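Treat the numbers as computed from the prediction; the structure is a model and nothing was measured. Per chain, numbering begins at 1; letters A, B, ... match sequence-line order.
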There are 2 protein chains.
Amino acid sequence: MTKWLNRLIKPNTQMSEKEKINTEEKILQAAEEIFVKDGHSGARMQQIADKAGINKSLLHYYYRSKDKLFSTVFKFIFSKLASDIMNIFDSEEDIFGKLEKFIENYLRILMKNPIIPMFILNELNKKGNNLATIIIKGSNINLNKFEEIIQKEIDAGNIKNINPKSLIINILALCVFPIIGRPLTEEIVFNGDTKKYDEYLGQRKDEVFAIIKSTITIEK
Amino acid sequence: MTKWLNRLIKPNTQMSEKEKINTEEKILQAAEEIFVKDGHSGARMQQIADKAGINKSLLHYYYRSKDKLFSTVFKFIFSKLASDIMNIFDSEEDIFGKLEKFIENYLRILMKNPIIPMFILNELNKKGNNLATIIIKGSNINLNKFEEIIQKEIDAGNIKNINPKSLIINILALCVFPIIGRPLTEEIVFNGDTKKYDEYLGQRKDEVFAIIKSTITIEK
DNA sequence: AAACGGTTTAACCATTTGGTCAAAGATATG
DNA sequence: CATATCTTTGACCAAATGGTTAAACCGTTT
């Protein structure tokens, strides 16, 4: 009973055996794949068990219910993405270089995980979802730091006096939309030409940076 | 047997009685509400029947299966939104005025139906979804016209030599993201302040137009 | 080897869910 | 009115689904 209780209280407690971790890990990986692909209500416990190569009962042994398993997976995915993003602003360049790096890295991450943002937005938009606030507040995302940096640059007269909040939203919008809107935009803008769309995404970072740059540059 | 067959072949056939349309209409409205709120896999047929105030069997009588009902609803919603958008470009102003009107109207529509875009994007991103191509191709969305207009302006030297496809994507991105990303951005950028976010959305159109304008304006 | 605690499984369960069917109610038609 | 067609309902069904349980399994400790 001890280990079991331990896992509930301190989920990250390391277990003495190294092999046994594998099951929990396998479940998590399988669940991640299925949940991301099908969403909470679309995913099936049996499907996850099959993908993990284990009995369905084991899912309930390690994670008591579908909801618990889901929220674990969601938290995991979100924090992984969030930390990836947050680690980006540590470069020592000027504000323009920082923004360029940020956009470049963010787009790279999104393109490497193209279904993750849709998954997150989709679940966040579900009615009666307290998960959003809970998880986001629990995450290490800290945009105050970002806003401070921008404000400092404005005060120093290096960039236009824009709203830092808008800047964030615009960057996110311009980066995220081509990924989550792909089925739509690829079809309606690129007439379904997948290769062309890939090319487009490849140079999207330059486009986004150019736009963002123009919104903050002081005209002479 | 005739009417029933008729409905399958020509779904929009008007029926002789005026009252009887009500049931089909009630189902459609209820289904629209439920599907948009819960998505395809989250919605329940019983739920829809209850909301429509009818027997569940009637759902299957009018629309043979859940999938058929869903695709009908989806098609309906999508074309409604699409035509709303397409009817916007008929103003007689110059290109800047046209774009401003477009952004203004598009944002207004989105804000009036804030969960529709998420619904559409979400379903379009489902694996194995042929609905996307089918419905989009069947819609009256025609961006060639838009691209032509832009190209003409470029040739006339009125705007910068930009990629019309990028212009479309940027407008969509800047308009749609604040709506579909609201749970996220409201929390992480506005610290959960709903009123502030509403205010922000209220003046978003000016922001978006300013950005779009700056991306096409020729600097002297 | 026996006892113990964590792990895994198969069988099972209650409920939900999409869907069917036969029959009853309407409504038009001859 | 009688007949045929269309509409609506309640009872029912098979499959799916999240979840439980008792027992088997297995490594460790004594």
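Checked against the 6.0 Å centroid criterion, the rings of B:Tyr63 and B:Phe70 do not qualify as a close aromatic pair. The aromatic ring centroids of A:Phe177 and B:Phe177 lie 6.0 Å or more from each other.
With distances taken from any side-chain atom of A:Tyr62 to the nucleotides D:dT8, C:dT7, C:dG19, the minimum falls on C:dT7.
A straight line from NZ of B:Lys26 to C1' of D:dT7 spans 12 Å, rounded to a whole angstrom. Protein atom OH of A:Tyr63 is 15 Å distant from nucleotide atom P of D:dG19, rounded to whole Å. When the C1' atom of C:dG18 is taken as reference, atom NZ of B:Lys68 falls 14 Å away, rounded to whole Å. The CG atom of B:Asp67 sits 16 Å away from the P atom of C:dT17 (whole-angstrom rounding). Following rounding to the nearest Å, A:Asp50 (CG) and D:dT17 (C1') show an atom-to-atom distance of 13 Å. One can place CG of B:Asn22 at 13 Å from P of D:dT7, the figure rounded to the nearest angstrom.
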Protein and nucleotides 9-13 of chain C: nitrogen or oxygen contacts under 3.5 angstrom:
unit_1	atom_1	unit_2	atom_2	d
C:dT9	OP2	A:Asn55	N	3.1
C:dA10	OP2	A:Asn55	ND2	3.4
C:dA10	N7	A:Asn55	ND2	3.3
C:dA10	N6	A:Ser57	OG	2.4

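Atom CZ of residue B:Phe119 and atom CG of residue B:Leu124 lie 10.0 Å apart, to the nearest 0.5 angstrom. Rounding to the nearest 0.5 Å gives a distance of 10.5 Å between CD1 of B:Ile27 and CG of B:Asn22. Separation of atoms OH (B:Tyr62) and CD (B:Glu25) is listed at 11.5 Å; rounding is to 0.5 Å. Here the straight-line distance linking atom CD of B:Glu147 with atom NZ of B:Lys165 works out to 4.0 Å at 0.5 Å rounding. The CD1 atom of B:Ile116 sits 10.0 Å away from the CG atom of B:Leu110 when rounded to the nearest 0.5 Å.
For B:Thr23, no side-chain nitrogen or oxygen approaches OP1 or OP2 of D:dT7 to under 4.0 Å.
Only B:Ala43, B:Arg44, B:Met45, listed by number, bring a heavy atom of residues 40-48 of chain B to less than 4.0 angstrom from any atom of DNA chain C.
Contact check for B:Glu32 versus B:Lys37: no side-chain heavy atoms found under the 4.5 Å cut-off.
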Assess the residue pair A:Tyr200 and A:Phe190 against the criterion (ring-ring contact (aromatic ring centres under 6.0 Å, His included)); give the C-alpha distance rounded to whole Å, side-chain angles, the decisive distance to 0.1 Å, and a yes or no. CA-CA 10 Å; A:Tyr200 176 71; A:Phe190 284 81; 5.4 Å; yes
